[in-house]
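Below is one structure; the comments refer to it alone.
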Amino acid sequence: MRTAVTKQDLQQALGLSLPTISQNLRALEQSGLIARGETLDSTGGRRARTYVFQPQTRCAIGVGTASNQVTLCAVDLKGDVIASEHYNVTFCSDPKFIADIGQKISRFAAGLESKGSHVLGAAFAIKGLISEDGGEVIYGNIMNDTGLKVQALEAATGLKCALIHDSMASASAELWFDKSIHDAICLYLGRRPGGAIIADGAISLGPNRRNGTIEHMTLVPGGLPCYCGNKGCMDPYCSTDFLTNHGGQSLDGFFKNVRAEDEKACRRFDSWLDYLAQTINNVRNVLACDIIIGGPVTQYLTAEDFARLRAKCDGLNTFRSDTYQIRKSICGQGQEIVGAALHYIDPFVSGICK
């Protein structure tokens, strides 16, 4: 596959005049976004000069906030991870912690800049709800970061910063790596499940950035307690905690028992699939589109598991002729961190293309 193009390639693809293409190439070359490549062999006329995209001249930092680890990933203009660091700390809104993690991010950014990658900003994948203006965590019970403000992060890091709901960030990565997605409901199934809505090829945030909070849909009225304070939410029934008996065993160990046809594990897995099918049926009665399932649990799900889930969904579906897909997320580990970084990468690339 060719990674270099000539002026003639661009003229044919874009339908622009050679003077216009030359002018744009000069501007891109001056900005460092492209570099001159090899000269092609002559085909009878003047030898054509190629140009090569330089994706690492700009990057953005995604910050992943897990219960016991903070992960930094630098993502270039192609969406590829070019550097990463991990810290065994618990993310929270404590000012001393923010100052410490801010210094770590600043050092990380300085290292990238020294290698020729200008940092566009740092985006934090947050397990909580973000204010309508995007400036503050307004519900952060999982990570104890309620009240965290963008201004505090910008002061600590010296960078442009953004707060992104982790499920929205994961869905952004879906769209970046699969341009065919038009409408979909994303379910990310981990210790704390989450959801996101893709509509018309874009993330649907809603007027208050709360579209897709499927994890707090009532699934079993008066049922198991949820961390939000209500009972019977989707979260405690479709989480990995439900499968592992709240840490009584590892997820890997649980699925080994399922594949070994352990009766107790199989019954629990079947119940989990039932609850997941009910969730899918409920949300598809509101938005009748495809379902994308991601999160840590997907690495253990087989094609047979997806077929069983689809059969359970079809059994609940009022409309028997309904056509839709239930499929795995395309990315995987660290997807929400990459997706957060794309908050800065996507508009920058779009701006170049315009």
Side-chain angles (χ1 to χ4, degrees), residues 31 56-67 69-77 79 81-173 176 203 205 208-210 334 336-352:
S31 70
Q56 295 189 12
T57 57
R58 305 290 191 283
C59 69
I61 298 172
V63 184
T65 58
S67 58
Q69 188 179 80
V70 172
T71 300
L72 312 181
C73 283
V75 176
D76 70 10
L77 296 180
V81 175
I82 58 174
S84 63
E85 287 184 1
H86 308 274
Y87 300 98
N88 294 321
V89 293
T90 300
F91 192 87
C92 66
S93 59
D94 179 76
K96 290 180 66 176
F97 171 80
I98 295 303
D100 179 61
I101 199 66
Q103 288 182 352
K104 289 178 170 60
I105 294 170
S106 293
R107 286 197 298 269
F108 185 62
L112 294 163
E113 295 273 359
S114 70
K115 295 176 182 177
S117 293
H118 175 64
V119 179
L120 300 173
F124 293 70
I126 298 293
K127 300 181 189 304
L129 297 180
I130 313 301
S131 62
E132 187 173 344
D133 64 2
E136 180 180 357
V137 179
I138 58 174
Y139 185 87
N141 286 15
I142 296 176
M143 301 300 299
N144 192 30
D145 55 6
T146 301
L148 176 63
K149 292 180 170 58
V150 163
Q151 291 95 322
L153 296 171
E154 291 182 335
T157 61
L159 299 168
K160 283 185 179 180
C161 290
L163 299 167
I164 315 291
H165 190 290
D166 61 342
S167 295
M168 306 292 186
S170 290
S172 294
W176 179 270
I203 306 299
L205 296 175
N208 51 16
R209 292 179 180 252
R210 295 183 198 173
E336 76 281 5
I337 309 173
V338 172
L342 292 173
H343 173 79
Y344 289 106
I345 298 294
D346 197 3
F348 184 85
V349 172
S350 296
I352 296 171

Okay, side chain of R209, backbone of I130: is any donor-acceptor separation there less than 3.5 Å? no
Ion pair present between K104 and D100, side-chain N to carboxylate O less than 4.0 angstrom? yes
If we ignore hydrogens and angles and just use 3.5 Å, is the side chain of S106 paired with the main-chain N or O of T157 as donor and acceptor? yes
Nearest 0.5 Å please: distance from the CD1 atom of I61 over to the OH atom of Y344. 10.5 Å
Using the ring of each side chain (for Trp, its six-membered ring), is F124 parallel, tilted or perpendicular to F91, with breaks at 30° and 60°? tilted
Where is the tightest heavy-atom contact between L342 and G79, given as atom of each residue plus distance? CD2-CA, 4.4 Å
Could you go through the side-chain contact (heavy atoms from CB on, under 4.5 Å) check for D166 and I164 one step at a time? CA-CA 6 Å; D166 61 342; I164 315 291; over 6 Å; no
Does the side-chain contact (heavy atoms from CB on, under 4.5 Å) test come out yes or no for T146 and N144, once each step is laid out? CA-CA 6 Å; T146 301; N144 192 30; over 6 Å; no
Rounded distance [0.5 Å steps], CG in L153 versus CD1 in I98: 5.0 Å
dist I138:CD1 -> I126:CD1 (nearest 0.5 Å) comes out at 12.5 Å
Side chains of F348 and R58, heavy atoms from C-beta outward: is any pair under 4.5 Å? yes
With rounding to the nearest 0.5 Å, note down the distance linking CD in Q103 to CD1 in I105. 11.0 Å
Tell me whether E113 contacts the main-chain N or O of V119 through its side chain, where contact means a donor paired with an acceptor under 3.5 Å. yes
Heavy-atom closest contact (A341 atom, A60 atom, distance): O-CB, 3.4 Å
Determine whether a donor-acceptor pair (N or O, by modelled atom type, separation under 3.5 Å) exists between the side chain of D145 and the backbone of L148. no
Minimal non-hydrogen separation, S172 against G339, with atom names: CB-O, 4.0 Å
Show, in sequence, the C-alpha distance, side-chain angles and deciding distance for E136 and V150, and conclude whether the side-chain contact (heavy atoms from CB on, under 4.5 Å) test is met. CA-CA 6 Å; E136 180 180 357; V150 163; over 6 Å; no
Restricting to non-hydrogen atoms, name the atom on S117 and the atom on C59 that form the minimum distance, rounded to 0.1 Å. CB-SG, 3.9 Å
V63 versus I337, closest heavy-atom pair with distance: N-CG2, 3.9 Å
On a heavy-atom basis, the closest approach of G135 and S131 is N-OG, 3.1 Å
With a 3.5 Å distance limit and no angle check, can you tell me whether S350 reaches the backbone of D346 through a side-chain donor-acceptor pair? yes
When rounded to the nearest 0.5 Å, the distance separating NE2 of H343 from SG of C161 is 10.0 Å
I'd like to know whether L120 forms a side-chain contact (heavy atoms from CB on, under 4.5 Å) with I345, so could you lay out the CA-CA distance, the side-chain angles of the two residues, the decisive distance to 0.1 Å, and finally the verdict. CA-CA 8 Å; L120 300 173; I345 298 294; 4.2 Å; yes
Report the distance from atom NZ of K127 to atom OG1 of T65, rounding to the nearest 0.5 Å. 5.5 Å
